[in-house]
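Each remark here refers to the structure printed beneath this line.
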2 protein chains.
Amino acid sequence: MHEQLTKYITDHSPLKEEHLQQVLSYFKPLRVKKNTLLSRIGEPSRRMFFINTGCLRVYFIKPDGREVTRRFAFENSFSSSLTSFIGGTILKEATQAVELSELLYIDRLDFYGLVDTVPGWDLFYRYCLEYAYVTNTRRLEDFITLSARERYRLLLEENPEVVLRLPNKLVANYLNITQEALSRIKSDI
Amino acid sequence: MHEQLTKYITDHSPLKEEHLQQVLSYFKPLRVKKNTLLSRIGEPSRRMFFINTGCLRVYFIKPDGREVTRRFAFENSFSSSLTSFIGGTILKEATQAVELSELLYIDRLDFYGLVDTVPGWDLFYRYCLEYAYVTNTRRLEDFITLSARERYRLLLEENPEVVLRLPNKLVANYLNITQEALSRIKSDI
DNA sequence: AGTAAACTTTGATCCGGATCAATAAATCAG
DNA sequence: CTGATTTATTGATCCGGATCAAAGTTTACT
């Protein structure tokens, strides 16, 4: 159950066996079917997810009511709405399973308790923050410098599973273009 | 010389007097005139700046050669190109003083040495990462959800000094629109 | 399996902001 | 202080992608 998570953690921040076991003991399994809403905008941020199989989607909602996809997370990665998780504030983003998914989750308070007490786990959190920052900066840069067509090509090159596994509607939403525009881009030889 | 920095640090993460002094001892003063280039794209990331007076601008360069402003930093704030500072990698962003500025800087290796050894300074770094992440996420959201006009209004509301202190050219560049477009937005009553 | 619902494609039109161009205003160096 | 260079304004035109509309296709449910 926890093998993939163990690998992920030890790959990113070496913990002594005893501390690793302590951390793992806080992760609980959760199996959800497609389209399950795991957390809602307006609720306090409570959990961070690790994905054993499946795919999660984090999205927010514009004032006009439309959804905007922040990111997708596939197997062997973490997903949380970090902006609210950090401060334990009200969620500005929802998280949804877009496939049948097997997850492990840790409670926010447990997570930060471990950061303060388990040697090495603070470094794991630091890695998460650094990684999230770099990724986000990159995504902002892509939006600023690339056209819709270029963003699609880049996604296909760097993250083909997004295009291959998910419906066009979600891919278009992630690229911040309409389904129509994505359809035309794809058919453009 | 270090009063503003002291206040900034203690406001964000309480350090014992002894540890505070240890940290402060690594910051060196630097006075630069307008338009000084403080770090260049392609060099390794070496410094983090604290601004006593003046303004720094961090920008990157698009494949077509045009500059894109990442952010401005005014007095009483830190500025670094965190994406490269984190890993000590080659800078993908340049930093320039856009006003006559009085700075304090800390060497990257000193900074991380302190993170590993000075009790409480790791929490300061954690605060920096969390803050940078939240800010960046917000900026991405603004680009995705707002029009040029709306981004300008928001900037004027939340960060009026950018509009008031800096030339239109830089403001437009920060908003990722042309000078012409900004000029029209401003004249639109 | 069969029908409703969701998703995808294609076409016509529209609009925000870019681009190009020309002038006016401000800033800077000697 | 004055000419030179940079910056700001205003106008005309263009283009990427949105919007609206209507088929066509896939997926999901009982």
Could you state the atom-to-atom distance from [atom1] of [X] to [atom2] of [N] in whole Å?
X	N	atom1	atom2	result
A:Leu175	D:dG17	CG	C1'	13 Å
A:Lys186	C:dT8	NZ	P	8 Å
A:Leu100	D:dA28	CG	P	12 Å
B:Ile144	D:dG17	CD1	P	15 Å
A:Leu182	C:dC7	CG	P	14 Å
B:Glu67	D:dT7	CD	P	11 Å
A:Tyr152	D:dG17	OH	C1'	17 Å
B:Asn176	C:dA18	CG	C1'	11 Å

Polar pair under 3.5 Å, donor/acceptor by atom type, side chain B:Arg184, base C:dG16: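 Flag unset: no donor-acceptor pair detected.
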Polar pair under 3.5 Å, donor/acceptor by atom type, side chain A:Glu180, base D:dC20: yes
Tell me which nucleotide among [options] gets nearest to the side chain of [X].
X	options	value
A:Asn168	C:dT8, C:dG17, D:dA8	C:dT8
A:Arg149	D:dG17, C:dT8, C:dG17	D:dG17
A:Lys169	C:dC7, D:dT10, D:dA18	C:dC7
A:Lys34	C:dT10, C:dA18, D:dA28	D:dA28
B:Gln179	D:dT7, C:dC7, C:dT9	D:dT7

Residue from B:Phe49, B:Tyr105, B:Tyr112 passing ring-ring contact (aromatic ring centres under 6.0 Å, His included) with B:Phe85: B:Tyr112
Under-4.0 Å side-chain N/O to phosphate OP1/OP2 contact, B:Thr178 with C:dA18: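 Answer yes for this pair, as a side-chain N or O of B:Thr178 is under 4.0 Å from OP1 or OP2.
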Intermediate values then yes/no, side-chain hydrogen bond (donor to acceptor under 3.5 Å, both in side chains), B:Arg57 and B:Thr69: CA-CA 7 Å; B:Arg57 168 181 175 246; B:Thr69 300; 2.9 Å; yes
Parallel, tilted or perpendicular: rings of A:Tyr127 and A:Phe124 (30°, 60°): tilted
Mutual orientation of the aromatic rings belonging to B:Tyr174 and B:Phe72 [parallel < 30°, tilted 30-60°, perpendicular > 60°]: tilted
A:Glu43/A:Arg40 salt bridge by N-O under 4.0 Å criterion: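 Salt bridge flag = yes for A:Glu43 with A:Arg40.
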Sugar-phosphate, base or nothing in reach of B:Asn35, heavy atoms under 4.0 Å: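 No contact at all - B:Asn35 keeps every heavy atom at 4.0 Å or more from the nucleic acid.
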